[in-house]
Amino acid sequence: MPLLRFGKTGVVPPQHVIGSERETLWSEDGARRVCGNSECAGGWTAPWRSRRRPIFEGQWGCCGRCVLAMVRAAVQRESVDGTADDVPHRHRVPLGLVMLAQGWITQSQLRTALDAQRAHGTGRIGDWLVAECGVGAERVTRGLSVQWNCPVLTTEGFSPEAMALVMPRIFVEEFGLLPLRVAGSRILYLGFQDRRDSSVALALEQMTELRVESGLLGETQFASVREKLLGCEGVPVKSGNVEDLDSLSARITAALEQKQPVASRLLRVRGYFWLRMWLEASALGRSGNLPASGEDLMDYVFSIGARA
Ligand SMILES: [Zn+2]
């Protein structure tokens, strides 16, 4: 697959469309350059205009004001509250009952674990089953995979250097999930510690334009992969805290105007707004929108309001 096409108007990256209705990150027609702001007063379609960047979500903005309008619309879109998975335990059968139903633990083991959890007022039921009842940790992981209806993944093919570029390390540090590998240049495997989070998986699908398959990792594997991942250099990231959505839009617009990316994308991931910018077309790797290296790539991660 050709990664880039060079036309007389400059670099026109290809469309990385994997779904039929998927919007693409890259400008569809670099030659036409119609301003992406629907309210644009300038009516700039002029190909002779020297300003070619920044490109935000596949659209070109003719001036700073128009980029701000495009960013505002994207911020608005991302602010709308997401999926039901934001409510973590809704409709989930408790892990103990799942394992009991599978015949992997006995009533008395479950009672012992629940008593221990109650007595200590802390800890996950799975940990108590392991600690107090001699249940194998891999059995608890299997129980979680039934509870969350997703497979148990292996760490086979894990490349820490490549996976460290998938998302900002703060997500790895805070979210209990790890990018594991890309299969066939199309599927990104995401390993979770103890529960699947479809909203994060969806955000990563949109950012990478790869299909994301979620699964659980055993505790030991998770810890070891996490350590290796955090030991690698990721994409350079700037983080900031802003007061409200207006200042967020202003900060993002300023970043776009300053860095002049050839492609960029804004997504909300849990409490964060994540802006990824491809500063040169060569930043694009072989799989979806994943970078080949941290070079010519930049992440901004913003949180809003006082952090708890
Ligand atoms: Zn405009």
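Remember, predicted model here, so these are calculated numbers, not experimental data.
Hydrophobic cluster membership differs between Leu177 and Val152, with clusters built from Ile, Leu, Val, Met, Phe, Trp and Tyr side chains linked at under 4.5 angstrom.
Under a cut-off of 6.0 angstrom, the local environment of CD in Glu173 is crowded, with over 12 non-hydrogen atoms contributed by other residues, nucleotides or ligands. For Gln102, the CD atom counts as densely surrounded, since its 6.0 Å shell holds more than 12 non-hydrogen atoms of other residues, nucleotides or ligands. The 12-atom threshold is exceeded at CD of Glu213, counting heavy atoms of other residues, nucleotides or ligands nearer than 6.0 Å.
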May I have the list of side-chain donor-acceptor pairs in residues 61-76 shorter than 3.5 Å, sequence neighbours left out?
none

Listing, residues 245-257 side-chain donor-acceptor contacts under 3.5 Å, not counting sequence neighbours, or none:
{"unit_1": "Ser247", "atom_1": "OG", "unit_2": "Asp244", "atom_2": "N", "d": "3.2"}
{"unit_1": "Ser247", "atom_1": "OG", "unit_2": "Asp244", "atom_2": "O", "d": "3.2"}
{"unit_1": "Ser247", "atom_1": "OG", "unit_2": "Asp244", "atom_2": "OD1", "d": "2.5"}
{"unit_1": "Ser249", "atom_1": "OG", "unit_2": "Leu245", "atom_2": "O", "d": "3.1"}
{"unit_1": "Thr253", "atom_1": "OG1", "unit_2": "Ser249", "atom_2": "O", "d": "2.8"}
{"unit_1": "Glu257", "atom_1": "OE1", "unit_2": "Arg51", "atom_2": "NH1", "d": "3.3"}
{"unit_1": "Glu257", "atom_1": "OE2", "unit_2": "Arg51", "atom_2": "NH2", "d": "2.9"}

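For the pair Met99 and Ile125, the minimum side-chain heavy-atom distance is 4.5 Å or more. Inter-residue side-chain proximity for Trp278 and Pro261 is flagged as unmet; no heavy-atom pair is nearer than 4.5 Å. Here the side chains of Tyr300 and Lys259 are in contact, with some heavy-atom distance below 4.5 Å. Looking at Leu95 and Asp194, their side chains never come closer than 4.5 Å, going by heavy atoms from C-beta outward. Contact of the Leu267 side chain with the Glu78 side chain is registered, since non-hydrogen atoms from C-beta on lie closer than 4.5 Å. The side-chain heavy atoms of Arg139 and Ile105, taken from C-beta on, include no pair separated by under 4.5 Å.
Classified by interplanar angle (parallel below 30°, tilted 30° to 60°, perpendicular above 60°), the ring pair Phe171/Trp274 is perpendicular.
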Checklist entry - For Glu209 and Arg265, what are the C-alpha separation, side-chain angles and deciding distance, and is it a salt bridge (Lys or Arg N to Asp or Glu O under 4.0 Å)? => result CA-CA 11 Å; Glu209 295 186 3; Arg265 179 79 155 101; 5.7 Å; no
